[in-house]
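FYI, side chains are in, hydrogens and waters are out, and symmetry mates aren't considered; it's all heavy atoms of this structure.
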Amino acid sequence: MTNKLARRGLDLAKKGLLFQAITAIVITGLAGAAGGSHSAISAGAGTLISILPNIVFAIFAFRYAGASKNELVARSFSQGSKMKLALTIILFVIAFKGLNASPLEIFMAFVITTASHGLAMFHYGTKE
C-alpha cells in the first residue's frame with residue numbers, strides 16, 4: 001500500500017480506533033466504579049460491540065489502494081460494511097442472551113463509544 005491517500009486514511013482509522021479504545025476503558029471503569037462488576041461487564045460489552053466491528057471494517061476498507069484497483073476497493077468497502085453490520089448484530093445477541101447484561105448500560109456504552117469514534121474521525125480528519 002504505497003498510495004499516500006490510502007496511508008492517510010489508514011492512519012486516520014488507527015487514530016479513531018485508539019480514541020475509541022481509550023473511551024471504552026474510561027466508560028468501563030466508570031461503570032464499574034458506579035455500579036459494580038455487573039455494570040462494568042455490561043458497559044464493556046457495549047464498548048466491544050462498537051469497537052470490534054470498526055476494526056473489521058478498517059481491515060476491509062484498507063485492503064486495497066490505488067486507481068487501478070478501484071473495483072476491488074469498492075467491493076472491499078461493501079464487504080466491510082456488510083461484515084460490520086452483521087458482526088454488530090451478532091455481538092448484541094451474544095451480549096443479551098449470553099451475558100444477561102443490562103440493556104441500558106450496553107446501549108449507553110455503545111452509543112458513547114460509537115460517538116467518540118465519529119468525533120475522532122471529524123477531529124483528526126479536518127487536521128492536515
Side-chain angles (χ1 to χ4, degrees):
M1 178 170 38
T2 59
N3 189 324
K4 183 179 178 182
L5 197 57
R7 171 55 65 195
R8 240 182 90 206
L10 183 61
D11 290 343
L12 179 62
K14 287 179 182 177
K15 286 178 183 177
L17 288 169
L18 177 64
F19 191 76
Q20 197 175 21
I22 292 168
T23 303
I25 292 168
V26 170
I27 289 171
T28 304
L30 289 174
S37 63
H38 183 69
S39 293
I41 290 170
S42 297
T47 60
L48 284 176
I49 293 169
S50 178
I51 294 171
L52 293 178
N54 282 340
I55 292 170
V56 169
F57 178 75
I59 290 168
F60 274 90
F62 298 106
R63 218 176 359 173
Y64 304 106
S68 63
K69 297 181 181 178
N70 63 353
E71 282 188 37
L72 290 173
V73 170
R75 188 177 312 133
S76 188
F77 261 76
S78 176
Q79 289 173 341
S81 294
K82 292 172 190 172
M83 291 291 292
K84 180 178 177 177
L85 180 60
L87 185 58
T88 302
I89 292 168
I90 291 167
L91 290 174
F92 268 119
V93 169
I94 290 170
F96 290 134
K97 293 286 185 182
L99 294 179
N100 196 19
S102 170
L104 181 62
E105 291 168 351
I106 289 176
F107 282 125
M108 286 191 62
F110 174 79
V111 168
I112 292 168
T113 308
T114 302
S116 73
H117 185 263
L119 291 172
M121 293 290 100
F122 178 74
H123 176 72
Y124 292 119
T126 57
K127 291 188 174 194
E128 188 59 27

Check whether any side-chain N or O of Ser76 sits under 3.5 Å from a backbone N or O of Phe60 as a donor-acceptor pair, and report yes or no.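 Here the side-chain-to-backbone pair exists.
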In Å and rounded to the nearest 0.5 Å, what is the [atom1] to [atom2] distance from [X] to [Y]?
X: Phe107; Y: Ser42; atom1: CZ; atom2: OG; result: 11.5 Å
X: Ser116; Y: Ile51; atom1: OG; atom2: CD1; result: 7.5 Å
X: Lys14; Y: Ile55; atom1: NZ; atom2: CD1; result: 12.5 Å
X: Ile106; Y: Phe96; atom1: CD1; atom2: CZ; result: 4.5 Å
X: Glu105; Y: Thr47; atom1: CD; atom2: OG1; result: 12.0 Å
X: Ser102; Y: Met108; atom1: OG; atom2: CE; result: 10.0 Å

Any idea which heavy atoms bring [X] and [Y] closest together, and the distance?
X: Ala95; Y: Ala45; value: CB-CB, 4.3 Å
X: Ala43; Y: Ala31; value: CB-CB, 3.6 Å
X: Gly44; Y: Thr28; value: CA-OG1, 3.6 Å
X: His38; Y: Asn100; value: CE1-O, 3.2 Å

Is there a path of hydrophobic side-chain contacts, each under 4.5 Å between heavy atoms of I, L, V, M, F, W or Y residues, that connects [X] with [Y]?
X: Ile49; Y: Leu87; value: yes
X: Phe57; Y: Leu52; value: no
X: Leu12; Y: Leu18; value: no

Quick one, Leu85 and Ile89 - any side-chain contact, counting heavy atoms below 4.5 Å? yes
Evaluate the side-chain proximity of Gln20 to Thr113: yes if any heavy-atom separation is below 4.5 Å, no if none is.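 Yes, side chains in contact.
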Met83, CE: over 12 other non-hydrogen atoms inside 6.0 angstrom: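 For Met83, atom CE is not crowded (no more than 12 foreign heavy atoms under 6.0 Å).
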Is it true that Thr114 and Ser50 share a donor-acceptor pair across their side chains at a distance under 3.5 Å?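 Yes, because at least one side-chain N or O of Ser50 sits under 3.5 Å from a partner of the opposite role on Thr114.
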Using side-chain contact (heavy atoms from CB on, under 4.5 Å) as the criterion, point out the one residue from Ile27, Leu48, Thr88 that pairs with Phe110.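 Output: one option passes, namely Thr88.
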